[in-house]
Amino acid sequence: MMDAWLRWAMGPLFWTALIFMILGLLRHLALTLWEGAMAYRRAGDKDIPVGKLLGTTLRWMVPLGRLGNRWLFSITTLLFHVGVILVPLFLSGHIELWRRGLGLSWPAIPNWLATALTWAVIVTALAVVVQRVAAKDSRALSRFQDYALPLFIAVPFLSGFLVMHPAWNPFSRDPTLLVHVMSANVLMFMVPLTKLSHMILLPFTQFVSELAWHFPPDAGSRVAVTLGKEEEAI
Amino acid sequence: MATAQKYSYNVEQKGLQGTDKPRRFLAAFSAILRHGNYNVALDTFSRLSAKCARCAAACQIYQATGADEDIPCHRSELLLRVYRRYFTQSGILRAKLFGGFTLTEQCIDEMAEHFYRCTACRRCKATCPVGIDHALITHLARWVLAEIDIIPRALLVSVREQLEGSTGNTSAIPVPALKDTCEFLEEELQDIYNVDIKFPFDVEGAEYVFFPAVSDFLMEADTLMGNAAVMHVTGGSWTIGTGNYDGINYGLFYSDRMMERIVKNVIAETRRLEGRKILIGECGHATRSAWYVPTFGGPDAPPVVNCMEYAYEQLKAGRIPLKDEKILERVTYHDPCNIARSGRIVEQPREILKAICADFVEMWPNRTDNYCCGGGGGTVSIDEIRKYRTGPLGKRKADQLRDTGAQLIVSPCANCKKQLKELCQDNELDMEVVGLHDLLLRVIDFGVPAREPAAQGVAAG
């Protein structure tokens, strides 16, 4: 029975979740690029400071020099992101599954590093939530998903660690593996539907903000016409 | 027209009338989204706002009040929730299935209040990991509000006079009064500096057509004399057009529709005089608005130059003769957000000040990371919120100024000058607020001895 569940979770459901995530992200990407292109086409001033925006984008993609005014929170989230990105993609066990399934493979990170990063993710996920609650300003802003997502992201990491280290695992292997795969699948479904979509949109946000300031030359006049205000006194 | 005090600021009666504000707000929002370029930003911001609160620590209002509603991300959400609910498919579907947020008059009042607490200084933009530009949201929200007549009266009457009044400028200065003022300034230059400097009017084909903040003609005589002196010693070809001599553009603060009309008027006057370039006086928002000349004027629009950029280039080229003496007082420099945040005019004024001041000190933080004077986004014109401007909103700037121990604050912006003067008064700071050209005027070597010791505080450097 457990075997069947595992086969389903690691087979059809995994592929469905993965494809859903990829298509969802591609939809975000396509919409953003399309809307951005339309905005650029309509802009009266097409002089976009591309180099500067690229610099800002890259600095935020690798925000080491940008810990700024909330350094503890920044270091916590930075470490969290490093683990979340590296471990799923470069764990040797995961690469082995890709090799068996599709014949694809790429270099892995050492298992000791994967273990360290896994713990980093678990600890920083908890720390993010604690810091969110502890700081008055972030507490005021936080929605349910802001608390739930880091905790939920920690689930596949914790269960993954337990699968990899049976000596530490109080539960039997297969249920733990099922939790691991299922939580990862659910996460993939959630990526395009939540703020996790920043994984594809982040490289474009600086350009998007800039583009919005590049007004179409006749936007004001057209708004006046649409609202029937062309002749209206100020 | 009657005004009423529903918000912290006065609005005209028509801004308070009617029971269908939510419907009108959505109609205006829809029109702006249809014709403007805001959709892509709103979609992106809605999708990935991380709610990390880094912006809170960067915001001088939140630093002072600690109130949740003053967190930039919190404020932006007031508009983003309307966008998500009414202008995205998922929002419309969610509302049909589960109900949830509905735009009410109370929501509109909340926006009216909070989007005018923000000065749109854009400081928080630099701290947002996902690049959300909260000042853009403030800018847009104010435009939507303006289309349902919620506009601070102080801004509205200025724009009304500028676009529909008989004088065509925000300070309602008629041409004869303008000419009288300039004649007076010419006499002052003669009396004090013993030099014959003219304010040229309607010179066709001049290289530069000059658009200062028109309020300078009433309040900043030294700045204007400095402008004229720099043009004089550098042999600059410039003119003031009597058809339009106001660089102020409060459209930037509340309506792209007004901004477009005002910028187009500046371009039209420059073309009428067959001027080659637009020279903007010491004014941050006038400069930033004029940077929209290519947007509204097409590919052959005249280039825009700020007077500090001009002075810096001339000084670098050795065309501004300076006395051996320097300004002795301790001088600090306030970066106006509208020219400094983008990094466009940051070093030029500093280079000038370092060349002419014996004791120039920076306030901290500065340049692109500066704090707003507390009067940005048009709030400085709203006298009824002075207590807020020079209190919580200006507190950070007051602290910065106090720490410098400076006697002179150089602020090359008409709005910042007014705010900083009031800030000094209300916070008992014994400092004088001046323009950059005020100081330049004191140290320019006209080649003749001055008649009066006007350049006080100047000694061998």
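What you are looking at is a predicted structure, and each value in this text was computed from that prediction instead of being measured. Each chain gets a letter, A, B and so on, in the order its sequence line appears, and its residues count up from 1.
When heavy atoms are compared at a cutoff of 4.5 Å, Ala43(A) approaches chain B by way of both its backbone and its side chain. Heavy-atom distances place no part of Leu193(A) under 4.5 Å from chain B, backbone and side chain included. With a 4.5 angstrom heavy-atom cutoff, Leu227(A) touches chain B only via side-chain atoms. Proximity to chain A is limited to the side chain of Ile71(B), based on heavy atoms less than 4.5 angstrom apart. For Leu33(B), the part sitting under 4.5 Å from any heavy atom of chain A is the backbone (N, CA, C, O) and nothing else. Only the side chain of Arg261(B) comes within less than 4.5 Å of a heavy atom in chain A; its backbone stays farther off. Using a 4.5 Å cut-off between heavy atoms, Ala301(B) makes no contact with chain A at all. With a 4.5 angstrom heavy-atom cutoff, Thr194(A) touches chain B only via backbone atoms. Interface remark: Glu77(B) contributes no atoms to any contact with chain A (heavy atom separation under 4.5 Å). When heavy atoms are compared at a cutoff of 4.5 Å, Val159(B) approaches chain A by way of both its backbone and its side chain. Residue contact with chain B, scored on non-hydrogen atoms closer than 4.5 Å, involves the side chain of Asp146(A) exclusively.
The two atoms that bring Cys52(B) and Ser138(A) nearest to each other are O-CB, 4.0 Å, heavy atoms only. The two residues Ala41(B) and Val208(A) have their closest heavy-atom pair at CA-CG1, 3.3 Å. Nearest heavy-atom pair, Thr226(A) versus Ala31(B), reported as atom, atom and distance to 0.1 Å: CG2-CB, 3.8 Å. Ile234(A) and Lys14(B) make their closest contact through C-NZ, 4.1 Å (heavy atoms, listed as atom of the first residue, atom of the second, distance). For the residue pair Asp43(B) and Glu35(A), the shortest heavy atom distance occurs at OD2-OE2, 2.6 Å. For Ala39(A) against Asn37(B), the heavy-atom pair with the smallest separation is O-ND2, 2.9 Å.
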Check the pair Asn39(B), Met38(A) against side chain to side chain contact (heavy atoms under 4.5 Å, CB included), reporting the backbone distance first and the verdict last.
CA-CA 10 Å; Asn39(B) 296 57; Met38(A) 288 298 102; over 6 Å; no
Trace of the side chain to side chain contact (heavy atoms under 4.5 Å, CB included) decision for Lys195(A) with Lys51(B):
CA-CA 10 Å; Lys195(A) 66 175 179 178; Lys51(B) 308 289 178 196; 5.6 Å; no
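Across Lys52(A), His198(A), Gln206(A), Lys136(A), the residue that shares the most heavy-atom pairs under 4.5 angstrom with chain B is Lys136(A). Across Gly251(B), Gly298(B), Pro129(B), Gly131(B), the residue that shares the most heavy-atom pairs under 4.5 angstrom with chain A is Pro129(B). Between chain A and the options Glu147(B), Arg34(B), Glu69(B), His74(B), the largest number of non-hydrogen pairs under 4.5 Å is found for Glu147(B). For the set Pro217(A), Ser142(A), Ala135(A), the count of heavy-atom pairs under 4.5 angstrom toward chain B peaks at Pro217(A). With chain B as partner, the option from Pro216(A), Ser197(A), Ala224(A), Ala140(A) having the largest number of non-hydrogen pairs under 4.5 angstrom is Pro216(A). With respect to chain B, the highest number of heavy-atom pairs below 4.5 Å among His28(A), Gln145(A), Arg222(A) belongs to Arg222(A). Of the listed residues (Val293(B), Leu136(B), Leu163(B), Asp256(B)), the one with the most heavy-atom contacts under 4.5 Å to chain A is Leu136(B).
Enclosure of atom CZ in Arg367(B) by more than 12 non-hydrogen atoms of other residues, nucleotides or ligands within 6.0 angstrom is indicated. When the shell of 6.0 Å around CH2 of Trp112(A) is examined, it contains 12 or fewer heavy atoms from other residues, nucleotides or ligands. More than 12 heavy atoms of other residues, nucleotides or ligands shown are found within 6.0 angstrom of CD on Gln17(B).
In this structure a side-chain-to-backbone donor-acceptor pair under 3.5 Å is present from Thr205(A) to Val130(B). With hydrogens and angles ignored, the 3.5 Å screen pairs no side-chain donor or acceptor of Lys125(B) with any backbone N or O of Ser209(A). Judged purely by atom type and a 3.5 angstrom limit, Glu164(B) has no side-chain atom pairing as donor or acceptor with the backbone of Ala233(A). Here the side chain of Arg42(A) pairs a donor or acceptor atom with the backbone of Gly36(B) at under 3.5 angstrom. Using a distance-only test at 3.5 Å, with no hydrogens or angles considered, no donor-acceptor pair links the side chain of Asp45(A) to the main chain of Pro294(B).
Rounded to the nearest 0.5 Å, atoms CG (Leu141(A)) and SG (Cys55(B)) are 6.5 Å apart. How far CZ of Arg47(B) is from OG1 of Thr32(A): 5.0 Å, rounded to the nearest 0.5 Å. Atom NZ of Lys264(B) and atom CG of Asp218(A) lie 6.5 Å apart (nearest 0.5 Å).
Counting heavy atoms from C-beta outward, Phe204(A) and Thr44(B) have side chains that stay 4.5 Å or more apart. Annotation: side chain of Val225(A) is not in contact with side chain of His35(B) (no heavy-atom distance under 4.5 Å). Inter-residue side-chain proximity for Arg344(B) and Pro49(A) is flagged as unmet; no heavy-atom pair is nearer than 4.5 Å. Side chains of Phe215(A) and Glu260(B) form no contact here, defined as non-hydrogen atoms less than 4.5 Å apart. Residues Arg54(B) and Thr77(A) form no side-chain contact, since every pair of their non-hydrogen atoms from C-beta on lies 4.5 Å or further apart. Considering only heavy atoms from C-beta on, Cys128(B) stays 4.5 Å or farther from Trp60(A) through its side chain.
For Arg139(A) and Asp68(B), the salt-bridge test fails: no basic side-chain N is under 4.0 Å from an acidic carboxylate O.
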